[in-house]
Amino acid sequence: MTSASSIDGSPGPKAMGLLFAVGIALVAVAWGGEPLRGLLRWDRAALSAGEAWRLVTGHFVHLDLEHALLNVAGLVLVAWLFAAAFSPLQWLVITLAGIAAIDAGLWWVNVELMWYVGLSGVLHAAMAAGIVRRMLERDRVAWGLAVVGVAKLLYEHFSGAMPFTTAGAPVITDAHLYGAVAGMICGLGFALRGVRD
């Protein structure tokens, strides 16, 4: 059990406070509208011009308020299911690994992509890390989640975005795959090392 969770495994007060702050920040940035989105989004031309902050900020800005709220809901779900799976430092590593994998994939694989926004790829990294950790602990629910997760990624690969995504908004499903792969690697690595701060 980590200090970020309560005895029953749900997020503890500190984790809930951080989760609330991140959720408020995501919504506030969404309310910033197009000027703020333009300044912070992952943008190929701007990155080529040296605006490196976009490698991180692009994952925390959204198309609109609905998109931001969907990602906040995803963040709450990940916290509820897996807050106790890793220490705060490990969660930071998982987040940064997800960001790095998505950035690398978008830059070198999706070379036609000009811009990207959203937290969903990073959420896939967190979910995948938590699922792998729980699978190695022989959690049957995690095995079911793994089947659903793989089915979702396969659907997105062959058919495009899931039907319930934000209407009319482009969804870069490859970011979900890149994030999930990074999360699986982190989850497996932390679990096999037996490190649990």
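No single ILVMFWY cluster, assembled from side-chain heavy atoms under 4.5 Å apart, contains both Val148 and Met162. Residues Ile185 and Leu192 fall within the same hydrophobic cluster, defined by Ile, Leu, Val, Met, Phe, Trp and Tyr side chains chained together at heavy-atom separations under 4.5 Å. Under the 4.5 Å side-chain contact rule for hydrophobic residues, Ile131 and Leu154 do not share a cluster.
For Glu34, the side chain to side chain contact (heavy atoms under 4.5 Å, CB included) criterion is met by Arg37, Arg41, not counting sequence neighbours. Partners of Val132 under the side chain to side chain contact (heavy atoms under 4.5 Å, CB included) rule, at least two apart in sequence or in another chain, are Leu136, Met184, Leu188. Residues that satisfy the salt bridge (charged side-chain N to carboxylate O under 4.0 Å, His left out) test with Arg44, not counting sequence neighbours, are absent from this structure. Scored by the side chain to side chain contact (heavy atoms under 4.5 Å, CB included) test, Val141 finds Asp139, Leu145 as partners (sequence neighbours excluded). The side chain to side chain contact (heavy atoms under 4.5 Å, CB included) search around Leu77 returns Trp80, Leu81, Met127, not counting sequence neighbours.
Taken to the nearest 0.5 Å, the OG atom of Ser120 stands 5.5 Å off from the NE2 atom of His67. For the atom pair CG of Asn71 and CG of Leu26, the computed distance is 7.0 Å after rounding to the nearest 0.5 Å. For the atom pair CG of Leu153 and CZ of Phe158, the computed distance is 11.5 Å after rounding to the nearest 0.5 Å. With rounding to the nearest 0.5 angstrom, the CG atom of Leu40 is 11.0 Å from the CZ atom of Phe60. Here CG of Leu55 is found 11.5 Å from CD1 of Ile102. Values are rounded to the nearest 0.5 Å. Taken to the nearest 0.5 Å, the CG atom of Leu65 stands 10.0 Å off from the CG atom of Leu70.
Nearest heavy-atom pair across Ala180 and Ala128 is O-CB, 3.4 Å. Residues Ala126 and Val78 approach most closely at CB-CG1, 3.7 Å, considering heavy atoms. When every heavy atom of Phe190 is checked against every heavy atom of Phe86, the shortest pair comes out as CB-CE2, 3.8 Å. When all heavy atoms of Ala30 and Ala68 are compared, the pair lying nearest together is CB-CB, 3.7 Å. Across all non-hydrogen atoms, the minimal contact from Ala191 to Arg133 is CB-CD, 3.7 Å.
Checking each of Ile172, Thr173, Leu177 against Glu156 for a side-chain contact (heavy atoms from CB on, under 4.5 Å) leaves exactly one that passes, namely Thr173.
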What donor-acceptor contacts under 3.5 angstrom involve side-chain atoms of residues 106-119, with partners at least two apart or in another chain?
residue : atom : partner : partner atom : Å
Asn110  : OD1  : Tyr178  : OH           : 2.5
Asn110  : ND2  : Asp174  : OD2          : 2.6

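Pairs passing the ring pair (Phe, Tyr, Trp, His ring centres under 6.0 Å) check and including a residue from residues 121-156, sequence neighbours excluded, read His124-His176. Among residue pairs with one or both ends in residues 54-63, those qualifying as salt bridge (Lys or Arg N to Asp or Glu O under 4.0 Å) are Glu51-Arg54; sequence neighbours excluded. Residue pairs that meet the ring pair (Phe, Tyr, Trp, His ring centres under 6.0 Å) test with at least one member in residues 22-46, sequence neighbours left out, do not exist here.
Proximity of a side-chain donor or acceptor of Glu137 to a complementary backbone N or O of Arg134 within less than 3.5 Å is not detected.
The hydrophobic cluster containing Phe20 also includes Ile24, under a criterion of side-chain heavy atoms closer than 4.5 Å among ILVMFWY residues, counted directly or through chains of members.
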